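What follows is a set of notes on a single structure, which appears directly below.
The basis for the numbers below is simple: all heavy atoms, side chains too, and nothing from hydrogens, waters or symmetry mates. Remember, it's 1-based here, ligands and their atoms both numbered in the order they're listed. Bear in mind that the values here come from a model prediction, so they are computed numbers and not experimental data.
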Amino acid sequence: MLRIWVLAATWLVATIAIGLSAGLAVGRPWLGLCLALSLHLAWQLTRLYRLDHWLRHRGFMDPPVLRGVWDDVVTQIARIHRRKRHHKQRLATVLRELRESTNAMPDGVVALNAHGEIAWFNRMAAQLLHLQGRRDIGIRISNLVRQPAFARHLEGGDGTAPLTLQVSAQPETWLSLHVLPYGEGRRLLLIRDVTRQTRLETMRKDFVANASHELRSPLTVISGYLEMLATDPTLDAAHAQPLAEMRRQADRMAAIIGDLLVLSRLEAKDEQPEGEPVDVGAMLALLRKDVLARPQHPALVTLAIETQDQLKGDELELNSALANLVDNAAKYTPADGHIGIRWWSDAEGAHCSVTDTGPGIPSSAIPRLTERFYRVDAGRSRATGGSGLGLAIVKHVLQRHGGRLEIASTEGRGSTFTCHFPPERVLAAERRA
Ligand code: ADP
C-alpha cells in the first residue's frame, strides 16, 4: 500500500517538476506549474468521476480499471461491497428459514411492540385471528380481539397462565391466548386453537352435573325408605345392622353427589365473584360452634380472630370452603386432640388457618390432596364419611377469589391448612367504619 502512495507522491512531484521546467523554458515558471497541476487535477477528477459513476451503478457494472491509488480504492470498495452482499444474503437466508419454521408451527405467534401494536405474525396466527399481511401490521391487537377479558389479560399478562376465550360462536371457536413479555415492553402472543379440548371439557362438566342431578332424586327416595324402615318397630332385630350400614352408605353417596354438584356449579362460573363483604370472623365462630355441637369432637377447639377485616367474595362459596377445612380437622382429629382456627390480615392480604393435632399427612401426598377423590388413607376417609372432594372444592373456591391454599403437615403430629387471600379482596375494618 505504501508503494502506491509513494508512486502517487512521485507522480505529483514529477508533474510539478515538469510544469516548472516547461515554464522556465518559456520564461513563465508559475504558468507552467499551474498548467501542469491543472492537468494533474483534471486527470484525478476524471478518475473520481468514473469511481462515482461505478459506485452509483455498481449493482450491474464491473469495477473500472483506474490507475495508481484509485485502483487500490476500487479494490477495497469492491471487497467491502462483496462482504456486505454476502452478509445480506446470509441474513436473508436466516430470515427465510425463520419465517418458514414459524409458519410450520401449529401455534399462532404474534409479536407486539411496546404499544401493543402488531409487529409481525406467522401463518397460523393469520388463520386463527383472520389477520391479513400488510393491512394488520401496526394495528393494535386489542382493536382486533375486542373482548374485555383479553384487554385485561394483555395489560396484566405476566406469562404465567394462558387465557381461554371464545372468539366466535358460529363456528364455535375457542382460543388459548398466552402473553409472554420479552425485550423492552414487547410481548409475544401465543395462540392455540383449543375448541376441541374446550368442547370435551364442557361435555365432561355437563355429564358430571347431569349425572349427579339425576342420581339425587332416586337416592332421596332410597334414603327416605331406609329411614322409615329404621324406625319401624316391627323390624326384625337381625336386619337392624345391615339397615344401619345401608343408611350410612346412602348418606355417603348423598355427600358425594352434593359435593359433585357444588364443584359443577363452581366450574360453571367463569367470572370471579364480584365481592359482597363477608364477615369471615363470624363465619368461623359459627363453624366452631358446629364442631362443638357434634356428638364426638376434639376436646379443644380454639378460635383466634385477630382482625375485624372482612373479605370481598361469595359468602356461600367461602362458607363451603372453610366448612370443609374445619370439617376435615374435626373428622381426622382424635377426641383428646386440639383444633386451632385463626383469622388474621397483614400487608400480603388476609389469611385463615385451621390447625389440628390429627394423624398428619405424608409429605409425598400433600401435592395431590386437592385432586378429586384423592385420599391419603381410603379406609380412614370412608370410615369418616368423606367424599374425597372437599379439598378440591376448597382449591376451586380460593382460585375464584384470587387466593391459594397452603398445606403444612407432619405425620403423627398434625396439619395446618391455610387459605391466603390477596390484599385486593380485603375490606379493611377502618374503611368500613
Ligand atoms: P375427604 O372428604 O375424604 O376428607 P378431602 O378432599 O376433604 O376428602 O380430603 C382429601 C384427603 O386428605 C382425605 O381423604 C384425607 O386423607 C386427607 N386429609 C384432609 N384433611 C386432613 C386432615 N386435617 N388431617 C389428615 N388428613 C387429612
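- The shortest N or O to N or O distance between P359 and ligand 1 is not below 3.5 Å.
- When the heavy-atom distances from atom 19 (C) of ligand 1 to T333, D327, N328, T370 are ranked, the shortest goes to N328.
- The option from F373, Y374, F417 that lies nearest to atom 11 (C) of ligand 1, judged by heavy atoms, is Y374.
- E201 and Q197 share no donor-acceptor pair across their side chains, judged by distance under 3.5 Å alone.
- Looking at S409 and S415, their side chains do bring a donor and an acceptor atom within 3.5 Å of each other.
- Using a 4.0 Å cutoff on heavy atoms, N324 does not count as a contact of ligand 1.
- Near D356, with a cut-off below 4.0 Å to any heavy atom, the atoms of ligand 1 are 22 (C), 23 (N).
- Residue-ligand proximity, R375 to ligand 1, at heavy-atom distances under 4.0 Å covers atoms 3 (O), 14 (O).
- No more than 12 heavy-atom neighbours from other residues, nucleotides or ligands sit within 6.0 angstrom of CD on Q241.
- For the residue pair E267 / H396, no side-chain donor-acceptor distance below 3.5 Å is found, with atom types taken as modelled.
- Residue G388 holds the heavy atom nearest to atom 8 (O) of ligand 1 of all those in G360, S415, G414, G388.
- Taking distance alone, with nitrogen or oxygen atoms compared against 3.5 Å, A392 stays at or beyond that limit from ligand 1.
- Residue contacts with ligand 1: G358 is excluded, as none of its non-hydrogen atoms falls under 4.0 Å.
- Of all the atoms in ligand 1, the ones that sit under 4.0 Å from a non-hydrogen atom of V376 are 16 (O), 17 (C).
- Residue-ligand proximity, K331 to ligand 1, at heavy-atom distances under 4.0 Å covers atoms 1 (P), 2 (O), 4 (O).
- For the residue pair R400 and P273, the shortest heavy atom distance occurs at O-CD, 3.2 Å.
- Judged purely by distance below 3.5 Å, without hydrogens or angles, the side chains of H338 and T333 never pair a donor atom with an acceptor atom.
- There is no side-chain donor-acceptor pair under 3.5 Å between T102 and N122.
- Here the closest heavy-atom approach between residue A329 and residue V354 is recorded as CB-CG1, 3.7 Å.
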